[in-house]
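As a basis for the values below, the full set of heavy atoms in this structure was taken, side chains included, without hydrogen atoms, waters or symmetry mates.
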Amino acid sequence: MRTYSPHVAIETIVHSNPKFPFLYYAKEQMPTLQGHYNPNWHNDVEIIYVIKGKLDINIHSTPVEVTAPALIVTPSKHIHSIKKYQPTTEISMMLFDPEMIRLAYFDDEQNELYDFLLNPSNEPFILTCKNQKLFEKVKTTYNLIVEAYLEKKDESHLFIKANLLLLLCFLNKANSIDRNLQVSQFEYERQQKLKELIIWIHDHHSGPLSIADAASKMGVSQTYFCRFFKQATKMSFTQYVNEYRLKKACDDILVGKKCISEIASSHGFENESYFFRVFKKKYGVTPLSYRSKIV
């Protein structure tokens with residue numbers, strides 16, 4: 001089963017069955033969140049169930065604190081990031097292609113649902129247990145979907161699709177989905193520029209990257225860029241670039257074929273001693289020790 005990666009800007013989900021584009025991650029499968037799920041987006045709708053504790057989710061660069069129990073639904077292609085507050089925080093997650101619950105005949109309510117699910121400029125919505133009766137219905141439906149998914153049977157697919165639609169109908173009925181909750185055109189365009197910038201960082205992480213280059217890429221001043229980037233990602237530009245470079249270097253170390261100096265150089269670390277220093281600060285061991293423990 002694919003491991004959820006917090007470092008990928010555009011996440012490409014490889015489904016075990018392309019005819020049934022749905023994935024579920026139990027709390028045990030979610031990695032320990034010592035930092036952030038860096039800003040990312042994907043074609044799937046994402047449903048996060050906050051089972052225990054607290055976390056931040058960034059909604060168009062604005063952090064929103066969510067306390068369990070709660071459900072967060074993020075539209076397709078919406079740029080977002082999340083952070084854990086406590087080591088005891090527990091979450092599970094569903095991802096699905098909204099096309100899988102499409103019906104042949106549309107009605108007004110379904111149009112409203114699709115407008116939300118397929119429009120990245122819509123705000124994610126958060127359902128808490130304030131409406132206890134509704135939340136119990138949603139939680140029960142969520143758990144029914146999980147049980148059916150874990151059966152791993154083809155005959156469970158229709159049941160999962162039907163209950164996904166039911167879950168969304170509960171939320172829509174309670175006016176949790178508001179088609180008027182859209183960001184301004186300016187903010188939407190700014191988020192699109194951030195997406196393009198993250199792709200650019202990932203494509204060019206092996207070479208020199210400067211704040212001046214990044215600001216120019218977005219068409220803004222360096223001062224504005226630094227402020228915006230820190231607000232959007234909760235990291236400085238240098239921190240973000242180093243985080244991504246370290247992740248890619250770590251992936252190469254796990255393969256165990258290239259020498260450490262070659263790995264450092266191929267991922268933008270021209271100074272090997274600096275690479276060793278930031279790697280140990282991030283992972284608690286040197287690159288060589290990390291490789292020996294894995295091997």
Side-chain angles (χ1 to χ4, degrees), residues 1 4 13 15-27 29-30 42-52 55 57 59 64 66-78 80 82 90-120 122-182:
M1 181 175 290
Y4 189 85
I13 305 295
H15 301 286
S16 56
N17 182 352
K19 294 182 179 179
F20 191 68
F22 176 93
L23 282 175
Y24 167 72
Y25 297 95
K27 62 183 181 181
Q29 295 171 284
M30 302 300 294
H42 36 69
N43 291 327
D44 295 307
V45 174
E46 181 174 294
I47 300 178
I48 302 171
Y49 179 23
V50 187
I51 304 166
K52 182 181 178 182
L55 59 80
I57 179 167
I59 299 177
V64 176
V66 181
T67 302
L71 206 75
I72 305 167
V73 184
T74 306
S76 170
K77 300 184 183 70
H78 186 285
H80 59 286
I82 61 177
E90 294 179 0
I91 64 174
S92 65
M93 184 181 295
M94 292 179 181
L95 297 103
F96 68 93
D97 186 336
E99 292 295 323
M100 71 179 287
I101 56 172
R102 181 186 291 277
L103 301 178
Y105 298 96
F106 275 55
D107 57 31
D108 289 340
E109 186 174 3
Q110 189 183 7
N111 274 328
E112 188 174 83
L113 282 173
Y114 270 85
D115 177 69
F116 170 76
L117 297 176
L118 296 173
N119 191 341
N122 279 323
E123 303 256 357
F125 68 79
I126 301 168
L127 178 72
T128 66
C129 62
K130 290 179 181 178
N131 187 334
Q132 191 169 359
K133 187 176 180 180
L134 172 66
F135 194 86
E136 285 301 317
K137 287 182 178 180
V138 170
K139 186 172 73 171
T140 298
T141 307
Y142 184 96
N143 289 335
L144 287 172
I145 295 169
V146 172
E147 289 173 12
Y149 177 80
L150 294 177
E151 287 181 355
K152 302 296 182 185
K153 296 178 180 178
D154 289 345
E155 55 265 34
S156 298
H157 293 176
L158 183 59
F159 183 87
I160 291 173
K161 289 195 288 185
N163 278 278
L164 268 177
L165 190 56
L166 180 61
L167 185 149
L168 292 167
C169 285
F170 282 146
L171 297 169
N172 197 39
K173 186 177 181 180
N175 296 319
S176 296
I177 298 173
D178 187 343
R179 56 187 165 188
N180 295 316
L181 282 178
Q182 296 192 6

Peer 1: Relative to the ring of Phe135, is the ring of Tyr49 parallel (under 30°), tilted (30 to 60°) or perpendicular (over 60°)?
Peer 2: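 Aromatic pair Tyr49/Phe135 classed tilted.
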Peer 1: As an exercise, state the distance from SG of Cys129 to CG of Leu134, rounded to the nearest 0.5 Å.
Peer 2: 11.0 Å
Peer 1: Side chains of Leu23 and Asp44: does their closest heavy-atom pair fall under 4.5 Å?
Peer 2: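 They are not in contact (no side-chain heavy atoms under 4.5 Å apart), so the answer is no.
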Peer 1: What's the spacing between Glu136 CD and Thr140 OG1 if we round to 0.5 Å?
Peer 2: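 Going from CD on Glu136 over to OG1 on Thr140, the span is 6.0 Å.
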Peer 1: Between Phe20 and Ile160, is the side chain to side chain contact (heavy atoms under 4.5 Å, CB included) condition met? List the steps.
Peer 2: CA-CA 10 Å; Phe20 191 68; Ile160 291 173; 3.7 Å; yes
Peer 1: Do Val64 and Ile126 have side-chain heavy atoms sitting under 4.5 Å apart?
Peer 2: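 Yes. Closest side-chain heavy atoms under 4.5 Å.
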Peer 1: Measure the CG-CZ distance between Leu117 and Phe96 for me, rounded to the nearest 0.5 Å.
Peer 2: 5.5 Å
Peer 1: So which heavy atom on Val50 is nearest to which on Leu55, and how close?
Peer 2: CG2-CD2, 4.0 Å
Peer 1: So do Ile48 and Val73 actually touch side chain to side chain, heavy atoms under 4.5 Å?
Peer 2: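 Counting from C-beta outward, Val73 and Ile48 never come under 4.5 Å.
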Peer 1: Can you confirm whether Phe22 sits close enough to Leu164 that some side-chain heavy atom of one is under 4.5 Å from a side-chain heavy atom of the other?
Peer 2: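 Heavy-atom side-chain distance check passes, below 4.5 Å.
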Peer 1: Which atom names give the shortest non-hydrogen contact between Asn43 and Ser76, and what distance separates them?
Peer 2: O-OG, 2.7 Å
Peer 1: Out of Glu151, Lys152, Glu147, which one pairs with Tyr149 under the side-chain contact (heavy atoms from CB on, under 4.5 Å) rule?
Peer 2: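 Between Tyr149 and the candidates, side-chain contact (heavy atoms from CB on, under 4.5 Å) is satisfied uniquely by Lys152.
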Peer 1: Would you call Leu167 and Leu165 a side-chain contact if the rule is heavy atoms closer than 4.5 Å?
Peer 2: no
Peer 1: For the atom pair CD1 (Ile47) and CG (Leu127), what is the distance rounded to the nearest 0.5 Å?
Peer 2: 11.0 Å
Peer 1: Any chance you could measure Ile91, atom CD1, to Ile72, atom CD1, to the nearest 0.5 Å?
Peer 2: 8.0 Å
Peer 1: When rounded to the nearest 0.5 angstrom, what distance separates NZ in Lys137 from CD in Gln132?
Peer 2: 13.0 Å
Peer 1: Please report the shortest heavy-atom distance between Lys161 and Ile101, naming the atom on each side.
Peer 2: O-CG2, 3.7 Å
Peer 1: Going by heavy atoms in the side chains, are Leu144 and Phe159 under 4.5 Å from each other?
Peer 2: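 Yes; the side chains approach each other to less than 4.5 Å.
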Peer 1: Does CD in Glu155 sit with more than 12 non-hydrogen atoms of other residues, nucleotides or ligands closer than 6.0 Å?
Peer 2: yes
Peer 1: Hey, does Tyr25 have a side-chain heavy atom less than 4.5 Å from the side chain of Met94?
Peer 2: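 A side-chain contact is absent here, since even the closest heavy-atom pair is not under 4.5 Å.
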Peer 1: Any side-chain heavy-atom pair from Met93 and Tyr24 closer than 4.5 angstrom?
Peer 2: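 Result no, sub-4.5 Å side-chain heavy-atom pair not found.
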